[in-house]
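Here is the naming used below: chain letters follow the sequence lines, and residue numbers restart at 1 for every chain. Heavy atoms only: backbone and side chains are in, while hydrogens, waters and symmetry mates are out. If you're wondering where the values come from, they're calculated on a predicted model, not measured in any experiment.
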Amino acid sequence: MGNLVRSHTCGELRPSSVGQRALLMGWVDRRRDMGQIIFIDLRDREGITQIVVRSDADAEAHRTAEALRPEYVLAVEGTVVARDPQTINPNLPTGEVELLADRIYWLNDSQTPPFELTDDVRAPEELRLAYRYLDLRRPKMQRNIRLRHAVSWAIREYMNQQGFLEIETPFLTKSTPEGARDYLVPSRVQPGRFYALPQSPQLFKQILMISGFDRYFQIVRCFRDEDLRADRQPEFTQVDIEMSFPQREVLFGLIEGLMVKAFACANVTVTTPFPRMTYQEAIERYGSDKPDTRFGLELINLSDLFRESEFRVFKDIVQKGGYVKAITVPSGGRYSRKELDDLVEVAKQFGAQGLLWVRPDGDGVKSSFPKAVTEETLRAVLRRAQANPDSLVLIAAGALKNVSEILSGLRLHLGRRENLIDNGRYNFLWVTEFPLFVYDEKERRFMAMHHPFTAPLDEDIDRLTTAPEAVRAKAYDLVLNGMEIGGGSLRIHRQDHQRTIFQALGIRKEEAEEKFGFFLNALQYGTPPHGGIALGLDRIVMILAGEKSLREVIAFPKTASATCPLTQAPSSVSPAQLSELRIQSTDTE
RNA sequence: GGGGUCGUAGUUCAGCUGGUUAGAACGCCGGCCUGUCACGUCGGAGGUCGCGAGUUCGAGUCUCGUCGGCCCCGCCA
């Protein structure tokens, strides 16, 4: 590069610079060769500037320009000139000017890229990931990654202003039971022992409260060895927050303020405070603990209508404590037979045995109910469901959990299908009072719904031993447009309480000592009341960027099978490496 | 672990009920062009039809298996 110094970026030149000398550096985005005059779109992360190379202005530069190809790297020196009015390009911020080149420095050439680096990329994702460095050159990816930077920056600025200290916690830490599968790291120095990569810095941030740091935050990588989804990566970034002497409302206010700042990065105005809804209400109305409140189609309880009805199947379900619930689709009456069948398939995907429907038909009623069900019952259903003449009422029955999953799945499906979702809206929602425990049928014991360090509601403490399933927790989730973007709780800060919870979870005393002894110990030394939250940074940025996949806002993400096509990770390692770690693989491949 | 879906030039896709030499567009290479900006124009190269078996006189096409991408269920305190 000699001692060339860039004078402007490729997004910078304006008519005010006309007549000045300029030196730009960047990549050849496109070359348009007209013979004696060649146009080059020079691109860097700030934009595109048109370079003009004329044989009559500089023959040598023109000869160089003839050999240029896409993605070659150049430094171009020349004079900023105004474009003729009829040649102005209104699509470019720099479109009123161009750089008349007299020197082209060929900094590097490039292989032909395996796909075109345009915003509407049409390459398979695997190829994009294998050549991620090219994919990331695309303006859209540059925008996403810059947005991510802006959000992180805004969060640090805000948390600092609010008196929070960013403190790092270990990545090589201790595997703990409960929760997701750990990524393990073998210890060479302690053969046969393993570190775990943190699923979150949960215990460390609580210990930092015990240490008197009062207000902590960290933008931190977390690791969970579970199967992936569009919104789940094995390593992801969390905005981890914890504070001492917390009031829930103070914490909510803090986070709402944080969201205002973060969303301002994408010019989205957020109104506070956010609505609140208890877990129970969310399940009743939406069948989900993370309801998308951008549209209606709320669930309707029909259980009482069938408790004493002639329809045996539903009657039995209700009398055994199950539910019959429905969704009314306002204009669903026009659905064809096939469309109805498709809906049944969707319901089955969410665990339904079947799905019944009812709709008005002129003065009568049409339905997929068996003949034995009277028109009177069906009319009662239509009344309860507030069906209009064009409505369709979809009905599922079973255990509450089952019915909720079916209808919430169906609700989202119908919301999209009927175009009821306004993509320009950002509906935040605090979901509160989660159950402290959920019963695990397979393990036949209670599990912590949030995590084992969550405090129960004071008024429910008496039920810890008598009716664990009815105990509510001081836990809360932050939901945005039907996606969980954060979750937290007020924590247990007394050792005896913590031991009671471990006991309720069926964790034996010895196991509690072995796995959490260090923490139980720490709790004894003047632990302040504390609580916090963790926010999913990747998901927040994904929503702000309008993307459907986390991979679009992570520079180097993993595929659905947790591989990296760029580096080919994970890969096998040499026998020497393994033996040094005293590790043997049982898999021959 | 299960279900769905996709896999044909570098890329996006077409390829009929199995039947000549597997096509198009973009990209790439070469020629021409002094105002283009998705430049235009003329010409050219480019294929393990994901992989492996099977059925058949004959398979891109049918069957089975397998691998990979994506989506979903399980899983994700």
Side-chain angles (χ1 to χ4, degrees), chain A residues 29-42 48-57 62 66-67 69-71 81 83-92 94-95 98 100 111-131 134 176-182 199-200 202-203 222-234 236 345-346 348-351 405-406 409 412-413 434-438 440 442-443 446-454 473 475 484 487 489 501 505 507 534 536 548-549 551 558-561 563 565 589:
Chain A
D29 196 61
R30 278 209 160 74
R31 187 182 69 110
R32 290 177 295 278
D33 186 345
M34 322 306 294
Q36 297 308 302
I37 182 166
I38 296 172
F39 299 96
I40 297 161
D41 289 340
L42 196 69
I48 284 177
T49 300
Q50 175 162 281
I51 311 295
V52 190
V53 192
R54 310 174 63 111
S55 60
D56 57 10
H62 182 264
E66 281 182 319
R69 293 295 179 268
E71 301 310 314
V81 297
R83 296 203 197 183
D84 287 342
Q86 65 270 28
T87 63
I88 285 173
N89 185 346
N91 301 318
L92 285 182
T94 61
E98 58 199 10
L100 181 58
Q111 296 282 309
T112 301
F115 54 89
E116 285 179 76
L117 307 185
T118 56
D119 263 356
D120 55 333
V121 68
R122 295 189 306 175
E125 204 172 342
E126 199 183 2
L127 192 68
R128 290 176 52 204
L129 291 178
Y131 293 88
L134 297 179
T176 51
E178 309 278 306
R181 194 175 296 114
D182 285 320
Q199 298 176 24
S200 86
Q202 183 60 36
L203 289 177
C222 301
F223 306 86
R224 295 180 189 177
D225 186 6
E226 297 292 349
D227 286 347
L228 291 82
R229 290 286 188 281
D231 62 352
R232 269 168 31 194
Q233 283 273 312
F236 60 98
E345 282 311 306
V346 172
K348 282 183 177 165
Q349 209 187 305
F350 293 102
E405 278 167 11
I406 295 161
L412 288 173
H413 175 83
F434 276 79
L436 189 62
F437 304 116
V438 282
D440 188 302
K442 258 180 264 157
E443 302 214 9
F446 284 101
M447 310 274 273
M449 185 157 191
H450 186 56
H451 57 53
F453 316 105
T454 300
E484 182 196 328
S489 62
I501 297 295
L505 289 170
I507 299 174
K548 289 192 168 53
S549 164
R551 294 184 297 274
K558 302 281 188 290
T559 66
S561 53
T563 65
E589 232 336 283

With rounding to the closest Å, how many angstrom separate the [atom1] atoms on [N] and [M]?
| N | M | atom1 | value |
| --- | --- | --- | --- |
| B/U17 | B/U56 | P | 22 Å |
| B/C49 | B/G43 | P | 30 Å |
| B/U61 | B/G50 | C1' | 16 Å |

Next on the checklist: Quick check on RNA chain B: between A/E126 and A/F350, whose nearest nucleotide comes earlier from the 5' end?
Outcome noted: A/E126
Item to check | RNA chain B: 5'-proximal contact among A/P114 and A/S200 (nearest heavy atom) | outcome: A/P114
Distance test, side-chain N/O of [X] to OP1/OP2 of [N], below 4.0 Å:
| X | N | value |
| --- | --- | --- |
| A/R32 | B/G35 | no |
| A/T559 | B/G69 | yes |
| A/S561 | B/G69 | yes |
| A/T49 | B/C37 | no |
| A/R232 | B/C75 | no |
| A/R31 | B/G27 | no |
| A/R69 | B/G30 | yes |

[X] side chain to [Y] backbone, donor-acceptor under 3.5 Å:
| X | Y | value |
| --- | --- | --- |
| A/R232 | A/D227 | yes |
| A/E71 | A/T112 | no |
| A/R30 | A/D41 | no |

Item to check | Donor-acceptor pair (no angle test) under 3.5 Å: A/Q111 side chain, B/G10 base | outcome: no
Item to check | Donor-acceptor pair present, A/D56 side chain and B/U34 base, under 3.5 Å | outcome: yes
Any-strand Watson-Crick or G-U partner of [N], both distances under 3.5 Å:
| N | result |
| --- | --- |
| B/C26 | B/G10 |
| B/U41 | B/G31 |
| B/C64 | B/G52 |
| B/U5 | B/G69 |
| B/G74 | none |

Output the single nucleotide from [options] whose closest atom is nearest the side chain of [X].
| X | options | answer |
| --- | --- | --- |
| A/S55 | B/G35, B/C70, B/U34 | B/U34 |
| A/R229 | B/C28, B/G74, B/U36 | B/G74 |
| A/A230 | B/A38, B/G35, B/C71 | B/C71 |
| A/L127 | B/G35, B/U11, B/C28 | B/U11 |

Item to check | OH (A/Y131) with more than 12 external heavy atoms under 6.0 Å | outcome: no
Item to check | Stacked pair A/F115-B/U11, distance under 5.5 Å, angle under 30° | outcome: no
